[in-house]
Amino acid sequence: MGSEKLEEDVFQPMWDEVKDWLGEKKTVLFGSYGWGTGEWMDSWREDAGASGVHVVETVIANNEPDDEALETCRKAGEALI
């Protein structure tokens, strides 16, 4: 991952390939980071919305998910059903 943006070599090309296909499907965006503030999640959500992706939740974790992030992931998974 670069500075406050999606990883450019693998993830960004994959995201660009699938975001139009996702369309109105309920989607949860999850990511972790080890430096910075996690600002990239805001940019990712904006890109998803501009592409018509129906984002029901975003979950972000510094290094690894803590108990709160894990609970948010569980609830977000339930929202996808």
Side-chain angles (χ1 to χ4, degrees):
M1 173 175 282
S3 177
E4 297 296 342
K5 56 186 173 182
L6 295 178
E7 188 278 324
E8 298 167 313
D9 294 329
V10 177
F11 191 81
Q12 184 70 54
M14 186 275 304
W15 170 248
D16 290 339
E17 200 171 299
V18 302
K19 64 185 175 184
D20 290 334
W21 175 81
L22 290 172
E24 283 298 310
K25 291 176 177 58
K26 295 178 184 176
T27 304
V28 174
L29 303 180
F30 170 81
S32 63
Y33 64 102
W35 62 90
T37 61
E39 178 183 318
W40 52 271
M41 181 60 82
D42 295 331
S43 299
W44 188 15
R45 185 178 187 129
E46 288 175 18
D47 180 47
S51 299
V53 177
H54 179 148
V55 177
V56 296
E57 183 70 74
T58 61
V59 183
I60 189 168
N62 189 328
N63 291 315
E64 62 186 58
D66 58 13
D67 291 339
E68 182 180 343
L70 290 172
E71 183 59 25
T72 303
C73 284
R74 285 184 196 96
K75 288 180 181 177
E78 291 170 5
L80 296 176
I81 297 173

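As a basis for the values below, the full set of heavy atoms in this structure was taken, side chains included, without hydrogen atoms, waters or symmetry mates. For clarity, every value in this text was computed on a predicted model and none was experimentally measured.
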Could you state whether [X] and [Y] fall into the same hydrophobic cluster, counting links through intermediate Ile, Leu, Val, Met, Phe, Trp or Tyr residues with side-chain heavy atoms under 4.5 angstrom apart?
{"X": "Leu6", "Y": "Met14", "answer": "yes"}
{"X": "Trp15", "Y": "Val59", "answer": "no"}
{"X": "Met41", "Y": "Val28", "answer": "no"}

So does Lys75 pair up with Glu78, basic N to acidic O under 4.0 Å?
->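 Result for this pair is no, no salt bridge flagged.
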Quick one: pull up CD in Glu39 and NZ in Lys5 and give me the separation to the nearest 0.5 Å.
->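 One finds 12.0 Å between CD of Glu39 and NZ of Lys5.
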Of all the heavy-atom pairs spanning [X] and [Y], show the shortest one and how long it is.
{"X": "Thr27", "Y": "Leu80", "answer": "N-CD2, 3.8 Å"}
{"X": "Ala48", "Y": "Val55", "answer": "CB-CG2, 3.7 Å"}
{"X": "Ile81", "Y": "Lys26", "answer": "O-NZ, 3.7 Å"}
{"X": "Glu24", "Y": "Gly52", "answer": "OE2-O, 3.3 Å"}
{"X": "Asn62", "Y": "Gly34", "answer": "OD1-CA, 4.2 Å"}

Would a 4.5 Å heavy-atom cut-off, applied to side chains only, mark Asp16 and Phe11 as touching?
->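 When only atoms from C-beta onward are counted, Phe11 and Asp16 do not touch, as no gap falls below 4.5 Å.
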Would you mind reporting whether Asp47 and Ser51 have side-chain heavy atoms less than 4.5 Å apart?
->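 Side chain of Ser51 against side chain of Asp47, heavy atoms only: contact under 4.5 Å found.
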Can you name the one residue among Glu17, Lys25, Lys19 that meets side-chain contact (heavy atoms from CB on, under 4.5 Å) with Trp21?
->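 Result for side-chain contact (heavy atoms from CB on, under 4.5 Å) with Trp21: Lys25.
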Ring centers of Phe30, Trp44 separated by less than 6.0 Å |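 Aromatic pair excluded; centres sit 6.0 Å or further apart.
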Checking side chain to side chain contact (heavy atoms under 4.5 Å, CB included) for the pair Tyr33/Asn63: CA distance, chi angles, key distance, verdict?
-> CA-CA 5 Å; Tyr33 64 102; Asn63 291 315; over 6 Å; no
Step by step, work out the side chain to side chain contact (heavy atoms under 4.5 Å, CB included) result for Leu70 and Thr72.
-> CA-CA 5 Å; Leu70 290 172; Thr72 303; over 6 Å; no
